[in-house]
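The next block holds one structure in the form of structure tokens; read it before the comments.
Numbered from 1 within each chain, the chains take letters A, B, ... in sequence-line order. Quick caveat: nothing in here was measured; it's all calculated off a predicted structure.
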Protein chains: 2
Amino acid sequence: MKGTAELLKEHQLKVTPQRLKIVKMLEKHGHINIEDLYKEMLKEFPSVSLATIYKNINQMIESGLIQEVKLPETKSVYELIKEPHLHMVCDKCHKVEDIVIGTEKIIEEAEKVSGYIINESFITLRGICPDCQKR
Amino acid sequence: MKGTAELLKEHQLKVTPQRLKIVKMLEKHGHINIEDLYKEMLKEFPSVSLATIYKNINQMIESGLIQEVKLPETKSVYELIKEPHLHMVCDKCHKVEDIVIGTEKIIEEAEKVSGYIINESFITLRGICPDCQKR
DNA sequence: GTCGACAGGAAAATAATTTTCTTTTAAGAA
DNA sequence: TTCTTAAAAGAAAATTATTTTCCTGTCGAC
């Protein structure tokens, strides 16, 4: 288990209280949008500026610590970069989850059909999560 | 082959020169962002307003004629709704193409792993297109 | 051809994001 | 620990993106 401060240092980012909080929020929530992140930050740093949030998010993206996830029908969310995964979005409760499954098959097929050499895939699936199915 | 005006009527949208042009642009380019659409529209309608573009795009989305496609690293583009497909984006020339391949396998696998009932998939693959591979 | 609902255009309003500038702070050197 | 400096934070302004308002003009049913 890697410390939050170490994570920042590994990405050449100075360790500041605001950055620590941002990363901890990402660790806790998995995915979060700018607005919610700002609201949460305000609780701990009443005078935090939205500009600070934006600047840090952009720096974290540039340094390869986090990435933006564009989802249909909603604002983008951000997540820590880890192993490649798909996104599941629930139509009812709107939660976002990661799942790891093989994508070799579909990528191979897409390469064959399109002639592209594929470097990365972005897959989002929307539907009803197990919890919402029960209701 | 369906006429452009008919397409609009089918979606309860009054046929206006501006709307015709927008749909024709979509038919021609396949995918286009707001900025480029506006620039092209200006050539034919020198006094067209950006508000008109936005209002029409939103109405076309609501009526189910077009949809927004969110792509990594770029602004959203819009496309006419047709059969389900994947998006291929070239890292070099940045073109966007559609391909139709089966997604049942990966969806089935995702449903099994996640417990979700999946309603729709959004798949974008980025890489190098055949043309750019030759260079 | 007439009329009403709705579309277009201009401008203002709102929202989202970035930039600028000044003050404060993290962190390596002394 | 203290000193120093590059960089971060915060406030405000600037920029960009999108939506709304309001007035005029036009599509299309009659």
In whole angstroms, the gap separating P of C:dA27 from CG of A:L13 amounts to 11 Å
Once you round it to whole Å, what is the distance between P of C:dG8 and CD1 of B:I57? 12 Å
When rounded to whole Å, the OH to C1' distance for the pair B:Y78 and D:dA17 reads 10 Å
Could you tell me if the side chain of B:I123 sits less than 4.5 Å from the side chain of B:H87, heavy atoms only? no
With a non-hydrogen cut-off below 4.0 angstrom, is A:K9 in contact with a base, only sugar-phosphate, or nothing? nothing
Determine: side-chain N/O of B:Y54 to OP1/OP2 of D:dT19, distance under 4.0 Å, yes or no. no
Residues A:H85, A:E79; criterion side chain to side chain donor-acceptor pair (under 3.5 Å); working and verdict: CA-CA 12 Å; A:H85 57 272; A:E79 67 180 8; 3.1 Å; yes
Could you tell me whether the phosphate oxygens of C:dG8, OP1 or OP2, come under 4.0 Å of any side-chain nitrogen or oxygen in B:N56? yes
Under 4.0 Å, heavy atoms only, any strand: does B:T52 hit a base, just the sugar-phosphate, or nothing? base
Without decimals, in angstroms, what is the distance between B:Y38 OH and D:dA17 C1'? 13 Å
Nearest-nucleotide pick for B:P17, side chain only, options being C:dA26, D:dA11, D:dC27: D:dC27
Let me know the distance between NE2 of B:H11 and P of C:dA7, rounded to the nearest Å. 15 Å
Choosing from C:dG8, C:dA27, C:dA10, which nucleotide comes nearest the side chain of B:R19? C:dG8
Salt bridge B:D131-B:K95, side-chain N to carboxylate O under 4.0 Å: yes
Hey, does A:E35 reach any base, or is it just sugar-phosphate, or nothing, if we go heavy atoms under 4.0 Å? nothing
Using the rule given for salt bridge (charged side-chain N to carboxylate O under 4.0 Å, His left out), can you reason through A:K43 versus A:E40, listing the C-alpha separation, both sets of side-chain angles and the distance that settles it, and then say yes or no? CA-CA 5 Å; A:K43 292 180 188 170; A:E40 287 292 313; 2.9 Å; yes
Within 6.0 Å of NZ in A:K82, more than 12 heavy atoms from elsewhere: yes
Does A:Q59 make a side-chain N or O approach to OP1 or OP2 of D:dA7 shorter than 4.0 Å? no
Using a cut-off of strictly less than 4.0 Å, decide whether A:S47 has a side-chain nitrogen or oxygen near OP1 or OP2 of D:dG10. yes
Counting only heavy atoms not in A:E68, do more than 12 fall under 6.0 Å of its CD? yes
Is any side-chain nitrogen or oxygen of B:T16 closer than 4.0 Å to OP1 or OP2 of C:dG8? yes
How close or far is atom P of C:dA16 from atom CG of A:L50, stated in whole angstroms? 10 Å
Distance only, no hydrogens: is a donor on one side chain within 3.5 Å (strictly under) of an acceptor on the other, for A:D36 and A:H29? no
Please report the distance, rounded to the nearest Å, between NZ in B:K75 and C1' in D:dT16. 9 Å
Does C:dT18 have its OP1 or OP2 closer than 4.0 Å to a side-chain nitrogen or oxygen of A:N58? yes
Kindly say whether, by distance alone, the side chain of B:K55 makes a donor-acceptor pair under 3.5 Å with the base of C:dG9? yes
Rounded to 10°, the helix from C:dG1-D:dC30 to C:dA30-D:dT1 deviates from straight, judged by its five-pair end axes, by 40°
Please report, rounded to the nearest Å, how far the P atom of D:dA9 is from the CD atom of A:Q18. 5 Å
